[in-house]
**Student:** 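Please see the structure below; I have some questions.
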Amino acid sequence: MLMEIKKASFLVSNSQTGKCPFPDKPEYAFTGRSNVGKSSLINMLVNRKTLAKTSATPGKTQLINHFIINDSWYLVDLPGYGYARAPQKEIRKWSSLVERYLLERSNLCALFVLVDIRHPARQSDLSFMEWLGEKQIPFVVVFTKSDKLTPGEAAAAVDRYRTVLSEGWEPLPPLFVTSSLTGSGREAILGFIGGVNKEWEQPPVKRGKR
Ligand code: GTP
Ligand code: MG
């Protein structure tokens, strides 16, 4: 059964990872190039048009924004990267803020790496995923703006991306095709989050010592 979103509210914006909410709930963060559709996807998932602020101008989201869903899990809107017009200093600030967030957040269950379905795989995104792999940060790939292509074109684009990914990844990370405009991909992503939330609720498995 599809997880119902009964409650979704904004909690806090931060420029320091240390001030993020206490990490006692499962957390899912959204990252990707500026303008790729992170904030729009969050709004689509929780069915609130204006929960996360969106804009046609890249660079809208500049802080770490926590939202709490159904009183039990967090969604996090991260600032976009690779915004061509951003000064070097801004880019470095982004990297250190987001890097620290990704390395420190013990409750991060999955990072959603968003890519625009219309563009071929970018080296910057692939390198970023490689870094996530090295740091053992779990991630999934989300294709955004699928409404801009025909279903056939979208399937071909995903196939091409899968081929590129399979050069570096085995198994492949989960892939989701979405459109914030039509809501496509919503059930798949909420289903994924619901499954991970269930694992979180289960009593901790004893590891290591026998
Ligand atoms: P930053 O916060 O600036 O990094 O951007 P973001 O990744 O949060 O993107 P945002 O959600 O603000 O969307 C950027 C632009 O893309 C807006 O004009 C959105 O309306 C548009 N957009 C986002 N998702 C979709 C989609 O699925 N389909 C279409 N057609 N447009 C989209
Ligand atoms: Mg945004």
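Note that the coordinates shown come from a computational prediction; the quantities given were computed from them, not determined experimentally. Every number for a ligand or one of its atoms is a count from 1 in the order of the listing. All residue numbers in this chain count up from 1 along the given sequence.
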**Student:** Compute the shortest N/O to N/O distance between Lys53 and ligand 1 and return yes if it is under 3.5 Å, no if not.
**Tutor:** no
**Student:** Using a 3.5 Å cut-off on N or O atoms only, is Lys38 in polar contact with ligand 1?
**Tutor:**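 Yes, there is a polar N/O contact under 3.5 Å.
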**Student:** Going by atom types only, do Asp147 and Thr182 share a side-chain donor-acceptor pair under 3.5 Å?
**Tutor:** no
**Student:** Phe139 and ring pair (Phe, Tyr, Trp, His ring centres under 6.0 Å): which partner among Trp131, Tyr28, Trp169?
**Tutor:** Trp169
**Student:** Are a donor atom and an acceptor atom from the side chains of Thr144 and Asp116 found within less than 3.5 Å of each other?
**Tutor:**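 No, no side-chain donor-acceptor contact under 3.5 Å.
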**Student:** Specify the closest pair of heavy atoms between Ala8 and Val46, including all atoms of both residues, with the distance to one decimal.
**Tutor:**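 So the two residues come closest at CB-CB, 3.9 Å.
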**Student:** Are any of the N/O atoms in Lys145 less than 3.5 Å from those in ligand 1?
**Tutor:** yes
**Student:** Asn35 near ligand 1, heavy-atom distance under 4.0 Å?
**Tutor:** yes
**Student:** Who's closest to atom 30 (N) of ligand 1 heavy-atom-wise, of Asn43, Val36, Asp147?
**Tutor:**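 The residue whose heavy atom sits nearest atom 30 (N) of ligand 1 is Asp147.
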**Student:** Would you mind listing which atoms of ligand 1 come within a distance below 4.0 Å of any non-hydrogen atom of Ser179?
**Tutor:** 27 (O)
**Student:** For the side chain of Ser39 and the backbone of Ala52, is there at least one donor-acceptor N/O pair under 3.5 Å apart?
**Tutor:**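 No, Ser39 side chain to Ala52 backbone: no donor-acceptor pair under 3.5 Å.
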**Student:** Please check whether Gly37 reaches ligand 1 - meaning an N/O of the residue sits under 3.5 Å from an N/O of the ligand, judged on distance alone.
**Tutor:**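 Right, the criterion is met.
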**Student:** Has the side chain of Asn70 got a donor or acceptor atom that lies under 3.5 Å from a matching backbone atom of Glu4?
**Tutor:**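 Here the side-chain-to-backbone pair exists.
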**Student:** Taking only heavy atoms of Leu181 into account, list the atoms of ligand 1 that are under 4.0 Å away from them.
**Tutor:** 27 (O), 30 (N)
**Student:** Under 4.0 Å from any heavy atom of Ser40, which atoms of ligand 1 are there?
**Tutor:**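 Selected atoms, number and element: 10 (P), 11 (O), 13 (O), 19 (C), 23 (C), 24 (N).
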**Student:** For ligand 1, note which part of Met44 has a heavy atom under 4.0 Å away: side chain, backbone, both or neither.
**Tutor:** neither
**Student:** Would you mind telling me which of Val141, Val158, Val140, Leu114 makes a side-chain contact (heavy atoms from CB on, under 4.5 Å) with Phe176?
**Tutor:** Val140
**Student:** With distance as the sole criterion, is a donor-acceptor pair present between the side chains of Arg33 and Asn35 under 3.5 Å?
**Tutor:**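 Asn35 and Arg33 do not have a side-chain donor-acceptor pair below 3.5 Å.
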**Student:** Should Ser34 be counted as touching ligand 1, given the test is an N or O pair under 3.5 Å?
**Tutor:** yes
**Student:** Got a sec: is Ser39 within less than 2.8 Å of the Mg ion (ligand 2) via an N/O/S atom?
**Tutor:** yes
**Student:** May I ask you to decide if Met44's main-chain N or O and Arg186's side chain share a donor-acceptor pair within less than 3.5 Å?
**Tutor:**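 Looks like yes, one N/O pair under 3.5 Å.
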**Student:** Taking 4.0 angstrom as the limit and counting only heavy atoms of Ser180, give me the atoms of ligand 1 inside it, by number and element.
**Tutor:**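 Taking each heavy atom of Ser180 in turn, ligand 1 has 24 (N), 26 (C), 27 (O) under 4.0 Å.
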